[in-house]
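Data first, discussion second: the structure below is written as structure tokens.
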Amino acid sequence: MTTYFPEVEQITFEGRDSDNPLSFKWYEKDRLVAGTSMADHLRFAVAYWHTMKNQGADPFGEATMDRLWSDFSEPLDRARATCDAAFEFVSKLGVHYYCFHDRDLAPEGDSFAESCKNLEIMVDHAKMLQESTGIKLLWGTANLFSHPRYVHGAGTNPDYHVFAYAAAQVKQALDATKELGGENYVFWGGREGYETLLNTRLKQEQEQMAAFFRMCVEYAERIGFTGQFLIEPKPKEPTKHQYDFDSATILNFLRSHGLIDHFKLNIEANHATLAGHTFEHELAVAAAAGKLGSMDVNRGDLLLGWDTDQFPTDLYATVYAMLEVLAAGGLGSGGMNFDAKVRRGSFEPVDLFHAHIGGMDAFARGLIVASAIIEDGFLEDFKKLRYSSWDGAGAAALAGNSSLDECERFIRAHGEPEVVSGRQEYLENLINNFI
Ligand code: XUL
Ligand code: CO
């Protein structure tokens, strides 16, 4: 069998003293952290589109990536080679999951029927490789944004014909995800947004989106797809105003349209920062609603205002993220998908390994540190004290059993409150002790 990464052997844990760059320094899959293995806490997944398909083209220049598996003129030959390379990569990396868009796995055909056929062929191929390697599908999704037909959106398109096309495409993608045992299905609203209100009925487009989701829920129930539905927030790019701006916006949308019970959220780090939030804020908002489903782990660049999708290497970011994930009780059927791409100048196949190893080690370390912080208890103790009045005088108000009159009585009896420091710097210093 052809090997696409001949220079790379199985990546293993060697510890921080190893000088082998193709080894894990922190990620030790079977190591127990708070009673659960690292692999089960982190549930890493490789993103098929960035890792296998990204050629490195940008608006100023063409492809740079050295990718043997793309050197086939027939689209299906290329798709098979790409799939073989993907499973070799994921196996050698020691990751248990991958994620794809329908059009990453199988090429778009000249007709809808041909696209469906291509997907069927590639699902068979991927299924065979899943069975022989033990690698599983974390989630599938449909690409409803690349083809020109989706220029004005998919579910939110002003033309029902395009809406129906998108729905028919999702039907196929759901079948594919079910066939491959996908544990989740993601909806990222690619071009579900608008550029100008001059040509847009905002309220109707949101109602169309709700109708679209309702049809997906109904279909999944009918075919017995039991994976979790996830919506992935993103505030802008490609459109200026995206309907799925952030966690809070999506939660409101789901509640308004009676869809809240059927979805959780897939939170992406770089999308959070584009929305003007931190990653941990978005995780906390989702978790507070019981809707933290999965994560797309990457990072942006604060000097650039777009979705740079870099690999996550910032230890503060991983520690703060893992504090939220652990507090939420983990990701359930979700995981951590590396929705990240190597820079255009990192064009050798081995760079894909360096990138993923770095991201996995950064999250493994984030997990270890966050778990130690939680075990120490200083943050929880601090918060307990900070909110202690709500266990006493405030308990009735919190339970909804107080009134403005009662508050007035309280103030007349107790006078001016004593204002207490929030001790942010003190707490930040303690966090540094753990890193
Ligand atoms: C785009 C993005 C997507 C979704 C899946 O910014 O994050 O790749 O994760 O469609
Ligand atoms: Co993403």
Side-chain angles (χ1 to χ4, degrees), residues 43-55 58 86 97-106 108 137-147 150 153-156 166 169-170 172-174 176-177 182-193 209 212-213 216 227-247 249-250 263-275 277 279 282-283 286 292-301 304-312 321 331 334-342 355-356 359:
R43 296 168 58 83
F44 290 125
V46 168
Y48 208 95
W49 53 102
H50 285 315
T51 298
M52 307 316 299
K53 306 291 295 270
N54 170 37
Q55 298 287 338
D58 73 6
Y97 290 97
Y98 72 115
C99 301
F100 64 75
H101 299 84
D102 49 359
R103 299 297 182 252
D104 305 330
L105 192 67
E108 177 112 21
L137 179 63
L138 184 65
W139 50 261
T141 187
N143 179 332
L144 305 178
F145 44 89
S146 293
H147 194 281
Y150 296 124
T156 62
Q169 191 180 327
V170 168
Q172 305 296 316
L174 278 168
T177 303
E183 297 182 24
N184 307 269
Y185 184 90
V186 164
F187 296 87
W188 166 59
R191 294 187 192 273
E192 312 293 18
M209 203 62 232
F212 191 93
F213 284 139
C216 295
Q228 175 66 50
F229 272 3
L230 300 165
I231 300 186
E232 180 175 325
K234 185 174 183 181
K236 52 190 158 198
E237 213 198 10
T239 68
K240 179 170 164 180
H241 300 278
Q242 298 269 152
Y243 294 128
D244 297 337
F245 188 94
D246 63 359
S247 295
T249 308
I250 294 179
F263 292 84
K264 288 188 175 178
L265 305 187
N266 181 39
I267 306 296
E268 176 161 331
N270 204 169
H271 296 179
T273 47
L274 285 178
H277 301 309
F279 188 22
E282 284 292 86
L283 295 170
L292 176 55
S294 201
M295 290 153 86
D296 270 11
V297 290
N298 59 15
R299 91 183 131 97
D301 182 324
L304 303 173
W306 67 89
D307 198 12
T308 61
D309 282 340
Q310 288 167 248
F311 275 83
L331 292 170
M336 296 195 188
N337 167 48
F338 285 106
D339 196 351
K341 58 186 178 221
V342 289
H356 285 82

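Remember, predicted model here, so these are calculated numbers, not experimental data. All ligand and atom numbering here is 1-based and tracks the order in the structure.
Note: F338 and H356 have perpendicular aromatic rings, judged against thresholds of 30 and 60 degrees for the angle between ring planes. Classification of the H147-Y150 ring pair by plane angle, with boundaries at 30° and 60°, yields perpendicular. Below 30°, between 30° and 60°, or above 60°: for F145 and W188 the angle between ring planes is above 60°, a perpendicular geometry.
Remark: the D102 side chain and the Q169 side chain contain an N/O donor-acceptor pair separated by less than 3.5 Å. In summary, the side chains of N298 and D309 do present a donor paired with an acceptor at a separation below 3.5 Å, with no hydrogens or angles considered.
Residue H101 has at least one N or O atom closer than 3.5 Å to an N or O atom of ligand 1. The distance criterion of under 3.5 Å between nitrogen or oxygen atoms is met by D307 with respect to ligand 1.
For the Co ion (ligand 2), the nearest N, O or S atom contributed by E268 is named OE1. Note on D296: its N/O/S atom closest to the Co ion (ligand 2) is OD2. D339 contributes OD2 as its N, O or S atom closest to the Co ion (ligand 2). Closest N/O/S atom of E232 to the Co ion (ligand 2): OE2.
No side-chain heavy atom of T249 sits less than 4.5 Å from a side-chain heavy atom of D244.
When H50, E232, Q242, H271 are ranked by how near their heavy atoms come to atom 9 (O) of ligand 1, first place goes to E232.
Only the side chain of D296 comes within 4.0 Å of ligand 1, judged by heavy-atom distances.
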